[in-house]
Amino acid sequence: MAAESGRQFWKRSAKLPGSIQPVYGAQHPPLDSRLTKNFIKDRSKASALPMKSKKASSFHEFARSTSDAWDIGDDEDEDFSSSSSSLQTLNSKVAEATAAQVLENHSKLRVKPERAQSALSDVSTNCKVIKSSSEAQLSRTSEEACMRTPLQKQQSLPLRPVIPLVARISDQNASGAPPMTVREKTRLEKFRQLLSSHNTDLGTVVPGRAQDLIHCHHCPFADELRKCSWPGVPREVRPVTWRLLSGYLPANSERRKLTLQRKREEYFGFIQQYYDSRNEEHHQDTYRQIHIDIPRTNPLIPLFQQPLVQEIFERILFIWAIRHPASGYVQGINDLVTPFFVVFLSEHVEEDVENFDVTNLSQDVLRSIEADSFWCMSKLLDGIQDNYTFAQPGIQKKVRALEELVSRIDEQVHNHFRKYEVEYLQFAFRWMNNLLMRELPLRCTIRLWDTYQSEPEGFSHFHLYVCAAFLIKWRKEILDEEDFQGLLMLLQNLPTIHWGNEEIGLLLAEAYRLKYMFADAPNHYRR
């Protein structure tokens, strides 16, 4: 009876307002079985199961009815009904080489040869993560923290509390890796040489719209920086690399200092001009929602519970909201500030940042971190604006695209969802809005964004294939669940607590393979 009521609670109509034909693959017949015999092991040949009729409900009604509706972050709509003939030829070579390098390094350093050999063909069977026994306690702690409504202004910070593994932001693998290998030292030196060059000509780039950068065929530095960044950026050079890849920092090294100074002054000019208006009646709802959401931001990490950090987040989010009236502030945008804030903070902090007391930094350093976080978050959101406009068309189209893609790459998983009446919107809504930030530890998000910022349309188009690879990673656990409630609980609480760079590297390599097959080469599966 409980399961039946749960199904009724989640039901929605098959068609969503504003839906379009999703994903490039939707224009073509399914892949030839001869080409996919190694694609998914033990792939089911069962025909699609008939769907029961469902009571219609609107997209907004569904969003309001879910307990995690506020967990929305970012992803962009994209016209999947149109194919682009100039789809990043140069970038395909760059990403293909770097994806192959990820797997090659993984096979040498991390896994047994037989495991590495099958990693690309069936990533879903590799790197199985056992659910942590402490996960339930972490979940309860998170829920209790999220129940707080007003901002809690702490008088002092706890003295070096024990940080759960899920909250550690260390750049090392969660499993524990050597501080730095010879190969990693070589990569770091290569980054430093590249970044110190006189003119790293990147063009004008916005995350999610990196095709502007890709078209600079005459820019060898741009190609090289993306190639170096795709398999991950060393912690020491990540701040300047992210500023460059986001289009915030000028490519010309001589212009960087003056540009940063000008943009930082411009941001604080916005603060002086607009921030006092948060007390005005027509901005009360916006400011109140920001005020409520900030304590929910990574509640297990003491850094984000510091009053000064929360005040910085308040200013960043409020200024962004009033400068973008078409969408305004949407719950979950607060999460998108955190990776930038942590990366730019690490530029000034030698120790782990989870416990760092930001009052130890000078006012000038804090202002620089705040302004840089604002501008880089704004650049990212410029490319995914449709996630926040009325009816959120970007989310609708991307969820439909994911459903179409999964039906092609793993029919057995897709039919399993249909059998137990699980709708993709019930779990992928959050994946698309939050760039998987609610599904992964923050350290994994930072590593993921290294690749997103070096991949054309990484935060929108490539993210679709990352979500597909992420879903198929759990195919065994999904197929083991044989009821609606069990499936939803699994999909909304996937055990990634122990994940680190190794797991993200494999996930990205598999996502690239899917993108190469289904987007970069549509003729490959045309009958």
Side-chain angles (χ1 to χ4, degrees), residues 86 88-91 93-95 97-98 186-270 316 320 323 339-348 364-383 446 449-459:
S86 59
Q88 300 100 22
T89 303
L90 175 61
N91 181 73
K93 297 178 181 178
V94 172
T98 49
T186 302
R187 290 191 67 241
L188 176 58
E189 183 60 30
K190 187 173 184 179
F191 264 98
R192 284 175 170 160
Q193 291 177 359
L194 185 63
L195 295 171
S196 63
S197 63
H198 176 70
N199 187 21
T200 309
D201 194 351
L202 293 172
T204 302
V205 185
V206 176
R209 296 197 60 82
Q211 68 271 24
D212 298 330
L213 181 151
I214 296 301
H215 292 158
C216 296
H217 296 288
H218 62 284
C219 306
F221 289 111
D223 179 40
E224 191 65 23
L225 184 61
R226 290 195 312 280
K227 182 178 179 180
C228 290
S229 301
W230 204 99
V233 180
R235 181 183 188 269
E236 294 83 353
V237 293
R238 185 175 275 134
V240 64
T241 302
W242 276 27
R243 292 186 188 106
L244 281 164
L245 291 175
S246 70
Y248 170 54
L249 192 66
N252 188 312
S253 58
E254 294 180 353
R255 293 175 48 218
R256 293 174 192 171
K257 184 177 180 180
L258 288 176
T259 301
L260 284 177
Q261 180 181 350
R262 176 176 58 83
K263 295 299 287 184
R264 290 165 180 171
E265 290 175 355
E266 183 180 355
Y267 167 72
F268 282 99
F270 294 152
I316 290 174
W320 187 89
R323 295 188 74 245
F340 293 115
F341 185 84
V342 166
V343 167
F344 298 140
L345 174 64
S346 68
E347 198 170 18
H348 307 279
D364 287 343
V365 167
L366 284 173
R367 286 168 64 90
S368 298
I369 295 171
E370 178 176 347
D372 291 357
S373 298
F374 169 82
W375 286 115
C376 287
M377 184 197 74
S378 298
K379 293 285 188 180
L380 188 157
L381 289 171
D382 284 347
I446 291 172
W449 284 22
D450 288 343
T451 299
Y452 279 5
Q453 294 192 91
S454 60
E455 178 79 16
E457 298 186 322
F459 289 98

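What's counted below: heavy atoms across the whole structure, side chains too, no hydrogens, waters or symmetry copies. These numbers were taken from a predicted model, which means no experiment stands behind them. Along the sequence shown, the residues carry numbers beginning at 1.
The aromatic rings of Phe459 and Tyr452 stand perpendicular to each other, their planes meeting at an angle above 60°, with 30° marking the opposite boundary.
Shortest non-hydrogen contact noted between Arg187 and Pro231 is NH2-CG, 3.9 Å. Of all non-hydrogen atoms in Asp450 and Gly232, the two that sit nearest each other are OD2-CA, 3.6 Å. Of all the heavy atoms in Ala251 and Arg256, the pair that sits closest is O-NH2, 3.0 Å.
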> Please walk me through it: do Glu266 and Lys263 pass salt bridge (Lys or Arg N to Asp or Glu O under 4.0 Å)?
Replying inline: CA-CA 5 Å; Glu266 183 180 355; Lys263 295 299 287 184; 3.3 Å; yes
>> Pair His348, Ile369 - check side-chain contact (heavy atoms from CB on, under 4.5 Å), show working.
In response: CA-CA 9 Å; His348 307 279; Ile369 295 171; 3.9 Å; yes
> Between Glu236 and Arg192, is a salt bridge (Lys or Arg N to Asp or Glu O under 4.0 Å) present by the stated rule, with each step listed?
Replying inline: CA-CA 9 Å; Glu236 294 83 353; Arg192 284 175 170 160; 5.5 Å; no
>> Is there a side-chain contact (heavy atoms from CB on, under 4.5 Å) between Glu347 and Val365? Walk through the geometry before answering.
In response: CA-CA 10 Å; Glu347 198 170 18; Val365 167; over 6 Å; no
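Residues Leu225 and Phe191 are in side-chain contact: their nearest non-hydrogen atoms beyond the backbone lie under 4.5 Å apart. Side-chain contact between Leu260 and Leu249: present, with at least one pair of heavy atoms (C-beta onward) separated by less than 4.5 Å. Side-chain atoms of Trp242 and Ser229, non-hydrogen and from C-beta on, never get closer than 4.5 Å to each other. Looking at heavy atoms from C-beta onward, Val237 lies out of side-chain contact with Leu194 at the 4.5 angstrom threshold. Side-chain contact between Ser346 and Arg235: present, with at least one pair of heavy atoms (C-beta onward) separated by less than 4.5 Å. Side-chain atoms of Ile446 and Arg238, non-hydrogen and from C-beta on, do get closer than 4.5 Å to each other. Looking only at side-chain heavy atoms (C-beta outward), Phe340 and Leu380 come within less than 4.5 Å of each other. Using a 4.5 Å heavy-atom threshold, the side chains of Phe344 and Arg243 count as touching.
Taken from CE in Met377 to CH2 in Trp320, the straight-line distance is 6.5 Å, to the nearest 0.5 Å. Rounded to the nearest 0.5 Å, atoms OG (Ser368) and CZ (Phe268) are 7.5 Å apart. Distance CG/Leu244 to OG/Ser454: 13.0 Å, rounded to 0.5 Å. Between the OG1 atom in Thr451 and the CD atom in Gln453 there is a gap of 10.0 Å [rounded to 0.5 Å].
Every residue two or more places apart in sequence or in another chain that forms a salt bridge (Lys or Arg N to Asp or Glu O under 4.0 Å) with Arg264 is listed here: Asp372. Partners of Tyr267 according to the ring pair (Phe, Tyr, Trp, His ring centres under 6.0 Å) rule, which considers only residues two or more places apart in sequence or in another chain, are Phe374.
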